[in-house]
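Let me begin by presenting the structure, written as structure tokens, before commenting on it.
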Amino acid sequence: MDEHLTQEISGARADVLARLGASAKNAGRDPASIALVAVSKTQPEEKIDAMLATGQRVFGENRVQEAEGRWEKRRALFPDLELRLIGPLQSNKAKEAIALFDVIETLDREKLAGALADACTKAGRTPRLYVQVNTGEEEQKAGIPPLEADAFIAKMRGEYGFAIEGLMCIPPAEEPAGPHFALLAKIAARNGVAKLSMGMSADYELAALFGATSVRVGSALFGVRQPQPL
Ligand SMILES: *Cc1c(COP(=O)(O)O)cnc(C)c1O
């Protein structure tokens, strides 16, 4: 393994963990209550291996197929790996997603719930599930609108029998993230949902102040991403 790269990656991770821990403490929270999800999409193989060498075990990916290529073989080598799908999931990929991911953070519509329920029954296992909320009500963005979130969560629990572990949001890029984090926390609290996936490289410290239980950090850990093919 490239010594320089190993040091660079482990330094970046130590820095993110230190900042996250300091922010948690400022909020009167236990740093251990916030999971660091290393977003590895489009990152080169040697950086993934360097990150694994630091002891990092929780990783986020936004595409099923790309994640299969990157993680299927590594699963056997790292039994304590935790893989999270943080990108939109098409219903026709539900089976593959369930086979690979421990957590799916982007449940946001009934059609997908139905496909996941079928695939879970067939596979005999259900991943931990988060509902994605489109807090900024952006047309191009996935997620259930905030005003429909309560009813959707109730339906997921009631009709589909899903235990909803958490809520996830991606605030609009051009707006301050704080109000979006606060809104997600409020929706979670009134629905008795325990976990909050929010905060990325630019705002994970802020997210920790607003109650994030996991932050999804890519570029601050791995460096700038290679462009993603369409
Ligand atoms: C890519 C991605 C991230 C990580 O973004 P960075 O700004 O590089 O930290 C987080 N969440 C989601 C949903 C993503 O697609």
Side-chain angles (χ1 to χ4, degrees), residues 8-43 47 51 54 56-63 82-88 103-108 130-146 149 165-190 193-228:
E8 192 181 293
I9 292 283
S10 88
R13 178 171 181 261
D15 182 57
V16 168
L17 284 174
R19 287 165 183 266
L20 189 58
S23 193
K25 280 194 190 131
N26 279 341
R29 303 181 59 204
D30 177 3
S33 67
I34 310 175
L36 174 62
V37 179
V39 178
S40 47
K41 66 185 186 200
T42 79
Q43 296 291 350
K47 286 193 178 178
M51 187 58 80
T54 68
Q56 177 70 31
R57 288 295 177 270
V58 186
F59 289 84
E61 289 282 348
N62 72 338
R63 292 183 182 189
E82 178 180 308
L83 296 180
R84 296 182 172 219
L85 179 64
I86 60 170
V103 183
I104 293 175
E105 297 199 357
T106 51
L107 175 56
D108 67 349
Y130 284 55
V131 167
Q132 182 176 356
V133 181
N134 186 358
T135 57
E137 298 180 66
E138 295 173 280
E139 233 166 72
Q140 79 285 5
K141 203 167 269 175
I144 194 91
E165 176 173 302
L167 303 183
M168 178 270 218
C169 77
I170 310 169
E174 67 285 358
E175 286 180 29
H180 294 274
F181 295 157
L183 174 60
L184 196 71
K186 195 169 144 190
I187 296 170
R190 72 174 179 238
V193 175
K195 304 278 177 117
L196 293 171
S197 168
M198 56 192 199
M200 318 198 332
S201 289
D203 50 25
Y204 64 89
E205 292 162 277
L206 183 67
L209 298 179
F210 281 93
T213 58
S214 60
V215 292
R216 311 177 306 267
V217 181
S219 38
L221 288 172
F222 292 102
V224 178
R225 273 183 292 280
Q226 298 163 332
Q228 203 163 22

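Nothing here was measured: the structure is a model prediction, and the numbers come from that model. The residues of the chain are indexed from 1 along the displayed sequence.
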Donor-acceptor contact present, side-chain Gln56 to main-chain Val58, <3.5 Å:
yes

Arg57: what forms a side-chain hydrogen bond (donor to acceptor under 3.5 Å, both in side chains) with it, not counting sequence neighbours?
Asp80

Does anything in residues 195-221 form a salt bridge (Lys or Arg N to Asp or Glu O under 4.0 Å)? List the pairs, not counting sequence neighbours.
Arg19-Glu205

Got a sec, which pairs hit side-chain hydrogen bond (donor to acceptor under 3.5 Å, both in side chains) with one end in residues 27-36, sequence neighbours left out?
none

Set of side-chain contact (heavy atoms from CB on, under 4.5 Å) partners for Glu137, sequence neighbours left out
Pro146

Only counting residues at least two apart or in another chain, list the ones meeting side-chain hydrogen bond (donor to acceptor under 3.5 Å, both in side chains) with Tyr204.
none

Measure the shortest side-chain to side-chain distance between Val217 and Leu20 over non-hydrogen atoms and say whether it is less than 4.5 angstrom.
no

Decide if atom CD of Glu139 counts as having more than 12 heavy atoms of other residues, nucleotides or ligands within a radius under 6.0 Å.
no

By side-chain contact (heavy atoms from CB on, under 4.5 Å) - contacts of Pro31 (at least two apart):
Ala24, Lys25

With a 4.5 Å heavy-atom cut-off, do Leu221 and Ile9 have their side chains touching?
no

For Arg84, the option from Asn62, Val39, Val37, Thr106 that meets side chain to side chain contact (heavy atoms under 4.5 Å, CB included):
Val37

Looking only at heavy atoms, what is the nearest atom pair of Ala185 and Phe210, with distance?
CB-O, 3.9 Å

Supply the atom-to-atom distance Gln43 CD to Phe222 CZ, rounded to the nearest 0.5 angstrom.
6.0 Å

Output for pair (Asp108 CG, Met168 CE), nearest 0.5 Å, gives 9.5 Å

Which residues satisfy the side-chain hydrogen bond (donor to acceptor under 3.5 Å, both in side chains) test with Ser10, sequence neighbours excluded?
none

What one should report as the nearest heavy-atom pair of Ile187 and Ala149 is CG2-CB, 3.8 Å

When rounded to the nearest 0.5 Å, the distance separating CG of Leu183 from CG of Leu167 is 10.0 Å

Residues at least two apart in sequence or cross-chain that pass side-chain contact (heavy atoms from CB on, under 4.5 Å) with Lys186, listed by chain then number, are Arg190

Qualifying residue, where the test is side chain to side chain contact (heavy atoms under 4.5 Å, CB included) with Gln132 and the options are Ile86, Ile170, Leu184, Ile104
Ile170

Apply side-chain hydrogen bond (donor to acceptor under 3.5 Å, both in side chains) to Gln140 and list each qualifying residue two or more places apart in sequence or on a separate chain.
Glu138

Quick check: closest heavy atoms across Leu209 and Ala27, and the distance to 0.1 Å?
CD2-CB, 3.8 Å

For Ser197 against Glu105, the heavy-atom pair lying closest together
OG-OE1, 2.6 Å

Locate the shortest heavy-atom distance separating Gly199 from Ala207; write the atom from each residue and the value.
CA-CB, 3.6 Å

Under the salt bridge (Lys or Arg N to Asp or Glu O under 4.0 Å) test, which residues partner Glu8, sequence neighbours left out?
none

Looking at Thr135 and His180, would you say the former's side chain and the latter's main chain have a donor-acceptor pair under 3.5 Å?
no

Can you sort out the partners of Phe59 under ring pair (Phe, Tyr, Trp, His ring centres under 6.0 Å), two or more places apart, ordered by chain and number?
Trp71

Once side-chain contact (heavy atoms from CB on, under 4.5 Å) is applied, do any residues pair with Ala12, and if so which ones, sequence neighbours excluded?
none

If you compare all heavy atoms of Gly166 against all heavy atoms of Val193, which two are closest, and at what distance to 0.1 Å?
CA-CG1, 3.3 Å

Passes side chain to side chain contact (heavy atoms under 4.5 Å, CB included), Lys41 versus Arg63? Steps please.
CA-CA 8 Å; Lys41 66 185 186 200; Arg63 292 183 182 189; over 6 Å; no

Which value, rounded to the nearest 0.5 Å, describes the distance between Thr213 atom OG1 and Met198 atom CE?
8.0 Å

